[in-house]
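Below: one structure, written as structure tokens.
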Amino acid sequence: MHARIKVGAVSYLNTKPLVYRLDEFAPYADISYDLPSRLADQLASGELDVALIPSVEYFQDPNYEIVSNACIGCRGPVLSVKLLTRVPFDQIQTLALDEGSRTSVALVRILLQQRFGLTPQLESLPIGAGANDTAADAVLLIGDRAIHPPQGDFVDAWDLGDQWCRWSELPFVFAMWVARAGVDTSSLCSALEEARDAGVAHLNAIAAKEAAVAGLHESVCLSYLRDNLYFYLGSRERNGLELFRQHAVALGMAPVDASCS
């Protein structure tokens, strides 16, 4: 008999393979769905025991523990996180940031600093606003609107997954399952991996079901899930996560005592 465990998940397209039939693999889990930032807050407050949270949120508490080897990562172009620019990259002075992802915000700031020594002035791009709604030199977009970047006076674009992997020669991890301190996750760990394995084995079915919801053609949806995302947290992923942590700390976006245990 398993004790009940409160699990927070995300209903974005890129998380669908991780939560595939999760309620069957972990019938003792009370699963709720919310935005990544809210899940991070609920995990921090103890309302959740385990949550799928962005990697930069994982760094906020040194007592957090990664649960299972299931994650959302990439080993090359990720397609859904892009930087669009109206000027050459080395001339970016103002940067509008999509409010939807603190991890992507940290990622683009790290890459601009490391590649060009840039610390541009930052402004917010509200959820629902488009890239053409700001006059900033460059715009960070995530999600569906990054997959279909807008028309406009943009002269170049970065796929941030691709840029990170080329610069660091390591994968990038966007999110993983994390438990707060003191939670027994021994049974949940295998369930999360079983759900991930089942999801990866049924990407065609997931794409067929989710394409219309995401506003994508089914073939584009399948290619994104199959070719752009990587769902296994291996040693190279952990090395990439640690490198990201070090740079996030340097930018003041993670505490000095952050951990990648």
For salt bridge (charged side-chain N to carboxylate O under 4.0 Å, His left out), just list the numbers for E47 and K6, CA-CA rounded to whole Å, side-chain angles, deciding distance to a tenth of an Å, and then say yes or no.
-> CA-CA 8 Å; E47 296 172 64; K6 296 176 182 175; over 6 Å; no
Would you please indicate if the ring centroids of F244 and F59 are separated by under 6.0 Å?
-> yes
Might you work through the salt bridge (charged side-chain N to carboxylate O under 4.0 Å, His left out) test for D49 and R180, ending with a clear yes or no?
-> CA-CA 6 Å; D49 300 314; R180 58 182 176 82; 2.6 Å; yes
Checking side chain to side chain contact (heavy atoms under 4.5 Å, CB included) for the pair V200/Y232: CA distance, chi angles, key distance, verdict?
-> CA-CA 10 Å; V200 169; Y232 302 85; 3.7 Å; yes
Does [atom1] belonging to [X] count more than 12 external heavy atoms closer than 6.0 Å?
X: Q246; atom1: CD; value: yes
X: R166; atom1: CZ; value: no
X: R38; atom1: CZ; value: no
X: H217; atom1: NE2; value: no

What distance do [X] atom [atom1] and [Y] atom [atom2] have between them, rounded to the nearest 0.5 Å?
X: L18; Y: C71; atom1: CG; atom2: SG; result: 7.5 Å
X: L43; Y: E57; atom1: CG; atom2: CD; result: 9.5 Å
X: L35; Y: Y12; atom1: CG; atom2: OH; result: 4.5 Å
X: W164; Y: E169; atom1: CH2; atom2: CD; result: 12.0 Å
X: T15; Y: Y33; atom1: OG1; atom2: OH; result: 7.5 Å
X: Q113; Y: L118; atom1: CD; atom2: CG; result: 9.0 Å

Backbone of [Y] reached by a side-chain donor or acceptor of [X] within 3.5 Å:
X: D133; Y: G130; answer: yes
X: S223; Y: S219; answer: no
X: Q60; Y: V56; answer: yes
X: W177; Y: S68; answer: no

Which pair of non-hydrogen atoms, one from [X] and one from [Y], has the smallest distance, and what is that distance?
X: L141; Y: A131; value: CD1-CB, 4.1 Å
X: L140; Y: L95; value: N-CD1, 4.3 Å
X: L125; Y: A96; value: CB-CB, 4.4 Å
X: A9; Y: L39; value: O-CD1, 3.3 Å
X: L112; Y: P120; value: CD1-CG, 4.0 Å
X: A191; Y: A26; value: CB-CB, 3.8 Å

From CA spacing to verdict: side chain to side chain contact (heavy atoms under 4.5 Å, CB included), V178, V67 | CA-CA 5 Å; V178 173; V67 184; 5.9 Å; no
Verify same cluster id: [X], [Y] (apolar side-chain graph, 4.5 Å):
X: V213; Y: I147; value: no
X: M253; Y: L107; value: yes
X: V50; Y: Y28; value: yes
X: L160; Y: I92; value: yes
X: L241; Y: L111; value: yes

Are the side chains of [X] and [Y] in touch, meaning some heavy atoms are under 4.5 Å apart?
X: C221; Y: L13; answer: yes
X: M176; Y: I53; answer: no
X: T85; Y: F154; answer: no
X: T103; Y: Y58; answer: no
X: Q42; Y: D34; answer: yes
X: L203; Y: P17; answer: yes
X: R109; Y: H247; answer: no

Test log, rule side chain to side chain contact (heavy atoms under 4.5 Å, CB included), inputs R102 and S37 | CA-CA 8 Å; R102 284 185 64 215; S37 58; over 6 Å; no
side-chain hydrogen bond (donor to acceptor under 3.5 Å, both in side chains), paired with R86, selected from D137, D156, D153, T94 =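 It is D153, the one option of D137, D156, D153, T94 that forms the side-chain hydrogen bond (donor to acceptor under 3.5 Å, both in side chains) with R86.
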Indicate whether the side chain of T134 and that of E123 have a donor and an acceptor atom separated by less than 3.5 Å.
-> yes
Does any pair with a residue in residues 193-208 pass side-chain hydrogen bond (donor to acceptor under 3.5 Å, both in side chains), and if so which ones, sequence neighbours excluded?
-> N69-R196
Check the pair F89, V155 against side chain to side chain contact (heavy atoms under 4.5 Å, CB included), reporting the backbone distance first and the verdict last.
-> CA-CA 10 Å; F89 284 105; V155 299; over 6 Å; no
Please tabulate, for the side chains in residues 72-84, all donor-acceptor contacts under 3.5 angstrom to protein atoms that are two or more places apart in sequence or on a different chain.
from : atom 1 : to   : atom 2 : distance (Å)
R75  : NE     : E237 : OE2    : 2.7
R75  : NH2    : E237 : OE1    : 3.4
R75  : NH2    : E237 : OE2    : 3.0
S80  : OG     : Y224 : OH     : 2.8
K82  : NZ     : L79  : O      : 3.2
K82  : NZ     : A146 : O      : 2.9

